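Taking it in order: structure first as structure tokens, then the write-up.
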2 protein chains.
Amino acid sequence: MKNIIDLPNATAERIPMYYRYLKMLEENQVQRIKSQEFSKIVHVPSATIRRDFSCFGELGRSGYGYDVVFLEKTFAKVLNIERLEKIALIGVGNLGLALIKNNFRRNPNLQITIAFEVNETLTDTIVSGVPIYGMDLLKEKIKENEITTAISTVPSSDANQVLQNLAAAGVHAVLNFAPERLDIPEGMTVRYIDLTSELQNLIYLSNRNQARIENDMVDQF
Amino acid sequence: MKNIIDLPNATAERIPMYYRYLKMLEENQVQRIKSQEFSKIVHVPSATIRRDFSCFGELGRSGYGYDVVFLEKTFAKVLNIERLEKIALIGVGNLGLALIKNNFRRNPNLQITIAFEVNETLTDTIVSGVPIYGMDLLKEKIKENEITTAISTVPSSDANQVLQNLAAAGVHAVLNFAPERLDIPEGMTVRYIDLTSELQNLIYLSNRNQARIENDMVDQF
DNA sequence: CTCAGTTTGTAAGTTATTTCACATAATATA
DNA sequence: TATATTATGTGAAATAACTTACAAACTGAG
């Protein structure tokens, strides 16, 4: 069983996705799964799956496959799922609102607990059970609630300032929806989701696929 | 200049991000940029940047760097930006609504043109200039508008059915927000955005970073 | 124009990731 | 219990991605 510290990055990236599908299988009363079957579900080659799993010990049984519940429990431990992760949301615009309303409902360990917004028509209200404060209370409230994880949907121009404040308040993990690259404070982990680039990327890769298909057509003759 | 077909995947993944920052630089009247400066902005090593760029020819000049406008134009061509990409949105819930309202405003070539939703209080209305139809009109309207790209925010249970219908309507690129893995029709390119897994991943990687930091502390003594 | 100082583009070397392929071990059936 | 079958876990090979390091090319100051 490898230490979390020297787990290959590529593997680490896939764990949450594996976990999600294992939970789905469990919900559907599936008791056992072979790496080949799982491969079809998660779209990852079975050899890669087996190698990934093997980082956490010998989880399966030859000639049988993997016990879904056991796998699910193992990854839950790896992901530290039993711990409630209180999350602060910074920026309650259209996207922020969507996040609050959804609030990772299917994952009881993930919960947006407080939110912050500059727009004064929203501050000091409660949306979907989440209290919304002004930016001036950011540090205070985050410390008070001992929150270490945040989601930022604020515009690029403010993103850096917000990040510094979050760091000062003790946050060390931020999911950031602004495309601007940030000056990341020491010890902080930031993950970007840039929907525009994702879409652009999709279109680009799709064009490439189409080109490949045409290319293969030509090769055939 | 490499053909789009055999561009390395890792490079292809970075192009839209490069493009986005080049546009920002252009907006800020920056005329030239060195790979080392750009590296600080996009958080990619300068050697990787140079290698990536070199896939598209010799774009820079020794002792000078890269001309921002020229780069931007080059990548615009690569990404086929001049073409207006009309996009269909399937599922106008909280997230869908946020997407419509934002509608990639800063990228005039990307535009959600029509949307579809089962909820009848929304069908046959217009939101932020985007007409919303019932699901029964999906094929017809998509064909009529010659749309080949779609964003799907429908729940897992319906995602597969929607995908088949989209394929039948001629769509070959889909950005999918449902976590369910799909049976991807021949010739279709699907990209997943799973916000829950992203968040879970962030927390996991952050924990790993924290563990590494502690580990380094110990090593020092 | 000259030349010291830059910065590119890439060959070669390194590291990371994926894939193959199979010995090993457990299953399942009779 | 015996045995044909199945599927894991993992060396070893292959591929992909990244990094180093530097010759060659260009700049810009004098």
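Here the structure is a predicted model, which means the values were calculated and not measured. Order of the sequence lines sets the chain letters (A, B, ...), proteins ahead of strands, with each chain counted from 1.
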**Request:** Examine C/dG9: is either OP1 or OP2 under 4.0 Å from a nitrogen or oxygen in the side chain of B/S62? Give yes or no.
**Result:** no
**Fill in**
Nearest-nucleotide check on DNA chain C, B/G63 vs A/N9; residue mapping nearer the 5' end is B/G63
**Message:** Quick test of your reading of the model: are B/E26 and B/R32 salt-bridged, counting only N-O distances below 4.0 Å?
**Reply:** no
**Message:** Between P on D/dA16 and CG on B/D6, what's the gap in Å once rounded to a whole number?
**Reply:** 11 Å
**Asked** Under 4.0 angstrom, heavy atoms only, what part of the nucleic acid is B/S35 near: base, sugar-phosphate, or nothing?
**Response** sugar-phosphate
**Request:** Name the nucleic acid region contacted by B/A47, choosing base, sugar-phosphate or nothing; use a 4.0 angstrom heavy-atom cut-off, strictly under.
**Result:** base
**Message:** For the CG atom of A/L99 and the OG1 atom of A/T153, what is their distance to the nearest 0.5 Å?
**Reply:** 7.0 Å
**Request:** Take the C1' atoms of the five end pairs on each side of the helix from C/dC1-D/dG30 to C/dA30-D/dT1, derive the two axes, and give their angle rounded to 10 degrees.
**Result:** 30°
**Request:** Provide, to the nearest angstrom, the distance between the CD1 atom belonging to B/I15 and the P atom belonging to D/dA17.
**Result:** 13 Å
**Prompt:** Is the shortest side-chain N/O distance from A/R14 to OP1 or OP2 of C/dT18 below 4.0 Å?
**Reply:** yes
**Asked** Just checking A/R61: base, sugar-phosphate only, or nothing, at a heavy-atom cut-off of under 4.0 Å?
**Response** sugar-phosphate
**Prompt:** Does D/dT6 have OP1 or OP2 sitting under 4.0 Å from an N or O in the side chain of A/R32?
**Reply:** no
**Asked** What integer distance in Å separates A/F38:CZ from D/dG9:P?
**Response** 14 Å
**Distance test, side-chain N/O of A/S54 to OP1/OP2 of D/dT8, below 4.0 Å** = no
**Request:** Please determine, for the side chain of A/T48, which listed nucleotide (D/dT19, D/dA17, C/dT18) has the closest atom?
**Result:** C/dT18
**Asked** Which listed nucleotide (C/dT18, C/dA21, C/dT8) is nearest to the side chain of B/R50?
**Response** C/dT8
**Message:** Among C/dT19, D/dG9, C/dT27, which nucleotide has an atom closest to any side-chain atom of A/P45?
**Reply:** C/dT19
**Request:** Would you kindly give the CG-to-P distance between A/D52 and D/dT8, to the nearest whole Å?
**Result:** 13 Å
**Asked** How close or far is atom P of D/dT10 from atom CZ of A/F56, stated in whole angstroms?
**Response** 14 Å
**Prompt:** Taking atom C1' of C/dT27 as reference, at what distance in whole Å does atom NZ of A/K34 sit?
**Reply:** 11 Å
**Item:** Stacked cation flag B/R61 on B/Y64, 6.0 angstrom / 45 deg
**Value:** yes
**Prompt:** What's the CG-P distance between A/L59 and D/dG9, to the nearest Å?
**Reply:** 6 Å
**Asked** Less than 4.0 Å between a side-chain N and a carboxylate O, is that true for A/E198 and B/R191?
**Response** yes
**Prompt:** If you take all heavy atoms of B/I49 and B/S35, which pair is closest and at what distance?
**Reply:** CD1-O, 3.8 Å
**Asked** Is the base of D/dG11 touched by the side chain of A/R51 through a donor-acceptor pair closer than 3.5 angstrom?
**Response** yes
Return all side-chain donor-acceptor pairs below 3.5 angstrom for residues 81-95 of chain A, not counting sequence neighbours, or 'none' if the list is empty.
| unit_1 | atom_1 | unit_2 | atom_2 | d |
| --- | --- | --- | --- | --- |
| A/R83 | NH1 | A/E85 | OE1 | 2.8 |
| A/R83 | NH1 | A/E85 | OE2 | 3.3 |
| A/E85 | OE2 | A/T149 | OG1 | 3.1 |
| A/K86 | NZ | A/N145 | O | 2.9 |

**Asked** If only side-chain N and O atoms of B/Y66 are considered, is one of them under 4.0 Å from the OP1 or OP2 phosphate oxygen of D/dC26?
**Response** no
**Asked** Name the one of B/Y66, B/F56, B/F53 that satisfies ring-ring contact (aromatic ring centres under 6.0 Å, His included) with B/Y18?
**Response** B/F53
**Message:** In this structure, how many angstroms lie between the P atom of D/dT27 and the CG atom of B/D67, rounded?
**Reply:** 12 Å
**Asked** Between A/E37 and A/K40, does at least one N-O distance fall below 4.0 Å, as a salt bridge requires?
**Response** no
**Request:** Classify the nucleic acid contact of B/F53 as base, sugar-phosphate or nothing, counting any heavy atom under 4.0 Å across all strands shown.
**Result:** nothing
